[in-house]
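Please read the structure below before turning to the comments.
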Protein chains: 2
Amino acid sequence: MVDDWISALESERASMGRASASEKVADALRTRIIEGDLRPRTRLSEERIGAALGVSRNTLREAFHLLGHERLVVREFNRGVFVRALDHDDVRDLYRFRRILEVSSIRQAALDGSDLTRLHAAVDEGGAAAAVEDWRGLGSANMHFHEALAALAGSRRVDEAMRQVLAEMRLVFSTMSDPRTFHEPYLEGNRQLAALLSAGNHDEAERALLTYLDRAEAQLLAAMSA
Amino acid sequence: MVDDWISALESERASMGRASASEKVADALRTRIIEGDLRPRTRLSEERIGAALGVSRNTLREAFHLLGHERLVVREFNRGVFVRALDHDDVRDLYRFRRILEVSSIRQAALDGSDLTRLHAAVDEGGAAAAVEDWRGLGSANMHFHEALAALAGSRRVDEAMRQVLAEMRLVFSTMSDPRTFHEPYLEGNRQLAALLSAGNHDEAERALLTYLDRAEAQLLAAMSA
DNA sequence: TATTGCGGGATTGTTCAACAATCGCTAGTT
DNA sequence: AACTAGCGATTGTTGAACAATCCCGCAATA
């Protein structure tokens, strides 16, 4: 059935006891989107989803606003909200932005010997996930690595921007069939990057990061064309 | 009367004929906040503002979401929404972020000889505003200058991030009594920066920009302490 | 005096039902 | 085939209602 995710949504209905209703709805939808149950361009009908989750249209709309803010859905006036679909330009722009944020984070780390524990922890997390062939988990670890990398800039707003970017990256990955292909090659890259930073070799780290991002971008673009 | 801005809001009620109601409400409130009529920490009562603008609570709430997304207001659960109040840390973080975005824009411009017309247009706009002593207009021109500067990065997401940052900057300026002090000194700085970029002297431009931002940050922080 | 606990009023959070505005599609016309 | 009118479905917006929560004053207590 095409509407299989509706039942998946209903299963999330249990965990909605506390906090703001709209946030819980947003959580549920976010999970469905990231897990790939809700494909890009899918229209999110207020009526059906409201019924599935047992919330009113108003609350649902607030949730849509939250997801729109995270760029996971787009709202088209008088037409509804749709799961966001990223094109090649989006991916190129995402990586352009990532280069800016992550390179400047490394440069900041070069100035003030930052704390690299989070970074190494993310590497370890990735190693553990790969060891048990949990490729989705490896993907998350990868995200954590880059989140930790951006955190070296020591700026709340950089953190926030990076989280935003990574959420959009998940949107891209959600459409890919084989997570391993897109995450496993970068485990070693992360390890090397962390090592270079630990060694204080920031120039080399910057170069490595740029090659890393170039490669990832090219791979994603190629996969999107196919 | 303390509630003078209520009538100012009502005057905006006329211009609300087209487009989404919530966006219009957000526009009206945004103006009031930026103009300084709504001071930081002011609580935005759903009842009173809804009545003043003639919209329902639900629509008003959607508008609050939009403004929250722009970080002009903060929503506190079960307590209401308040005009955002920035502290010293916020200002420091804003400038940290601006350095990252604007420096990388200049570096990008160094790689691909970007189009500088918007930049020069913003300089001219500032000159014209200063000539007639329109200091608020000079402030806007200043924003446009840095928006144009960030645009050199050639990234939609950088543009968006910069707009976000500048909106927060307006929030700071809205609390300042004398706009001239905070905008006039930078007219010459903008002119020089544009000239350096036109001349292709990007290294010097980068240094000038950093001094520029350091000075602006220090001046704002000093003003906030007073 | 300071603090704790307890109303009670005011405000926000959420739901519901209704209507207006708009869109997309289909059928009919030329 | 193209174009238009109309219709059904969906979103946009409203208003009212109720529940949940917070704020503030007041009394009781130590």
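Chain A is the first sequence line, chain B the second, and so forth, proteins listed ahead of strands; every chain is numbered from 1. Since the structure is predicted, the reported quantities are computational estimates derived from the model, not experimental observations.
The side chain of B/Arg43 lies closest to C/dT11, out of D/dT11, C/dT11, C/dT14.
Regarding A/Arg61, its CZ atom lies at a distance of 15 Å from the C1' atom of C/dC16, rounded to whole Å. Taking atom CD of A/Glu46 as the reference point, atom P of D/dT10 lies 11 Å away to the nearest angstrom. In this structure, B/Arg48 places its CZ atom 14 Å from P of C/dA10, rounding to the nearest Å. The interatomic distance linking B/Leu60 (CG) with C/dT11 (P) rounds to 14 Å, in whole Å. One interatomic measurement links the two molecules: CD1 of A/Ile49 to C1' of D/dT10, which rounds to 13 Å at whole-angstrom precision. A straight line from CG of B/Leu44 to P of C/dG13 spans 12 Å, rounded to a whole angstrom. As a whole-Å value, the separation of A/Glu23 CD from C/dG13 C1' is 12 Å.
Shown for residues 67-76 of chain B: no residue has heavy atoms falling under 4.0 angstrom of DNA chain D.
Between B/Arg92 and B/Glu217 no salt bridge is recorded (no basic side-chain N to carboxylate O distance below 4.0 Å). One finds no salt bridge joining B/Glu47 and B/Arg57 here, because no Lys/Arg side-chain nitrogen approaches an Asp/Glu carboxylate oxygen to under 4.0 Å. Note on A/Arg84 versus A/Glu168: salt bridge recorded, some NZ/NE/NH1/NH2 to OD/OE distance being below 4.0 Å. Ion pairing of A/Arg156 with A/Asp159 is absent here, as no side-chain N (NZ or NE/NH1/NH2) approaches a carboxylate O to less than 4.0 Å. A salt bridge is defined here as a Lys NZ or Arg NE, NH1 or NH2 lying under 4.0 Å from an Asp or Glu carboxylate O, and A/Asp90 with B/Arg157 meets this definition.
At a cut-off of 3.5 Å, with distance as the only test, no side-chain donor of B/Arg118 or B/His144 sits close to an acceptor on the other residue.
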So which protein nitrogen or oxygen atoms get under 3.5 Å of nucleotides 15-18 of chain D's nitrogens or oxygens?
{"residue": "D/dG15", "atom": "O6", "partner": "B/Asn58", "partner atom": "ND2", "Å": "2.7"}
{"residue": "D/dA17", "atom": "N6", "partner": "B/Arg57", "partner atom": "NH1", "Å": "3.3"}

Short N/O separations, protein against nucleotides 20-23 of chain C, under 3.5 angstrom:
{"residue": "C/dT22", "atom": "O3'", "partner": "A/Asn78", "partner atom": "ND2", "Å": "3.4"}

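Both A/Thr59 and B/Glu47 sit near DNA chain C, but only B/Glu47 has its closest nucleotide nearer the 5' end.
Within the structure, the ring-ring contact (aromatic ring centres under 6.0 Å, His included) test picks out no pair touching residues 25-47 of chain A (sequence neighbours left out).
Applying ring-ring contact (aromatic ring centres under 6.0 Å, His included) to B/His183 and the options B/Phe145, B/Trp135, B/Phe173 leaves one that passes, B/Phe173. For the pairing with B/His146, the ring-ring contact (aromatic ring centres under 6.0 Å, His included) check across B/Tyr95, B/Tyr212, B/Phe97, B/Tyr186 returns one residue only, B/Tyr212.
Residues satisfying the ring pair (Phe, Tyr, Trp, His ring centres under 6.0 Å) test with B/His120, not counting sequence neighbours, are none. Checked against salt bridge (Lys or Arg N to Asp or Glu O under 4.0 Å), B/Glu160 has the following partners two or more places apart in sequence or in another chain: B/Arg163.
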